[in-house]
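To start, the structure under review is shown below, and the notes come after it.
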Amino acid sequence: MRPPPFPKPAHPEEALVLQRALAGKVRLVGSLEGVRRIAALDASHKQGRPLVAVALLYDLEKGPLHVATAFLPEEALFPYVPGLLSFREAPAYLEALAALPEAPEALLVDGQGVAHPRGLGIASHLGVHLDLPSVGVAKRLLYGRPEAPLPEEKGAAVRLLAPDGRPLGYVYRSRTGVKPLYVSPGHRVGLEEALRFVRRLPTRFRLPEPLRLAHLEAGRALKALD
DNA sequence: GCGACAG
DNA sequence: ATCTTGTCGC
C-alpha cells in the first residue's frame, strides 16, 4: 500500500492544531463483521536506539501471514507527549504497512482510538489518514472513566465514559485474572462493533494474538539491534 | 496548586 | 517504550 505523506509538526502546538482538525473526520459507524485480513501494529523502543515498528498481516482464519518491520532513528522522531503519541509512532507504522505484500482490510493498533482527550488516539489518526477501519487496544487508560466496576470473568466489559458522559469505548477483560484492556473504535467502526471485533480475535493470553505476535516481533527486532 | 499522563 | 529478580501459580 502507498500511504499519503504524513506531515511532521515542528512542535506540539502545531500537532494540536492538526489533531483537532483530523478529529473532525473520524466516523464511528460501521461493522467489521466480514473483515478477514487485518494488520496488527505495535512498536518497541529503547533510548538512544531507533524506534522499531511492526505491522503484522493476520488472517482471522489462517493466522499470521507476514511481518514487516520499520526503523526510525531517534532524531527523526517527534517527542513523546501523552496525547500526541501518533505524531511519534505513526510515521514508522506507515513505513511498515507499506512493506506488507497486500493492504489490510482494517487496522488493530496498540493504543487508543477515540478514547482520547481530543478524540484522536493513534488508531483513529491512522484510520483517518489511510481511510481504513481501525480499532485501538491499549494496555493502560489515557482518558475516560469506567462506568462501573469490571467483573472478573473473561469477556466482561464495561463502558468507558468521557467526563460529559459520552461513551468512548470499553474496559475489557480478555482473560480471567489479567488486567483489563482499553478498547475503543478508531475510525469507520461503531463503538459496540469495535468491542465485538476484539472479542472474536483469538486470545491465549492478555493481548489478542495478532497484537501479541506483533509485540513479540518488535521486541525481537529491537534486541537484534545491539 | 495537585494529580493524571497511550507508547 | 525500556530498565530488572524473584516469586507465585497453573
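Protein chains get the first letters and strands the later ones, always in sequence-line order, with residue 1 at the start of each.
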**Message:** I need the CG-C1' distance between A/Leu77 and B/dG7, as an integer number of Å.
**Reply:** 12 Å
**Asked** Starting at CG of A/Leu108 and ending at P of B/dG7, how long is that distance when rounded to a whole Å?
**Response** 13 Å
**Message:** So which atom in A/Ala96 and which in A/Ala55 form the shortest heavy-atom distance, rounded to 0.1 Å?
**Reply:** CB-CB, 3.7 Å
**Request:** Using a strict 4.0 Å threshold on nitrogen-to-oxygen distance, state whether A/Glu193 and A/Arg196 make a salt bridge.
**Result:** no
**Request:** Looking only at side-chain atoms of A/Asp42, point me to the closest of B/dC5, C/dT2, B/dG7.
**Result:** B/dG7
**Message:** Can you tell me which nucleotide in B/dG7, C/dT2, B/dA6 comes closest to the side chain of A/Pro82?
**Reply:** B/dA6
**Prompt:** Can A/Tyr80 be called stacked on B/dG7 when the rule is centres closer than 5.5 Å and an angle between planes below 30°?
**Reply:** yes
**Asked** Nearest of B/dG7, C/dC3, B/dA6 to any side-chain atom of A/Asp110?
**Response** B/dG7
**Request:** Classify the nucleic acid contact of A/Ile122 as base, sugar-phosphate or nothing, counting any heavy atom under 4.0 Å across all strands shown.
**Result:** base
**Asked** Heavy atoms under 4.0 Å, any strand shown: does A/Leu84 hit a base, just sugar-phosphate, or nothing?
**Response** base
**Request:** Check whether any side-chain N or O of A/Lys223 sits under 4.0 Å from OP1 or OP2 of C/dT2, and answer yes or no.
**Result:** no
**Item:** Rounded distance (Å) that lies between atom C1' of C/dC3 and atom NE2 of A/His45
**Value:** 13 Å
**Request:** Would you mind reading off the distance between A/Leu120 atom CG and B/dA6 atom C1', rounded to a whole angstrom?
**Result:** 13 Å
**Asked** With the threshold set at 4.0 Å, does a side-chain nitrogen-carboxylate oxygen contact exist between A/Lys223 and A/Glu217?
**Response** no
**Prompt:** Hey, do the aromatic rings of A/His125 and A/Phe87 have their centres closer than 6.0 Å?
**Reply:** yes
**Request:** Just call it for A/Gln47: base, sugar-phosphate, or nothing, with non-hydrogen atoms closer than 4.0 Å on any strand.
**Result:** nothing
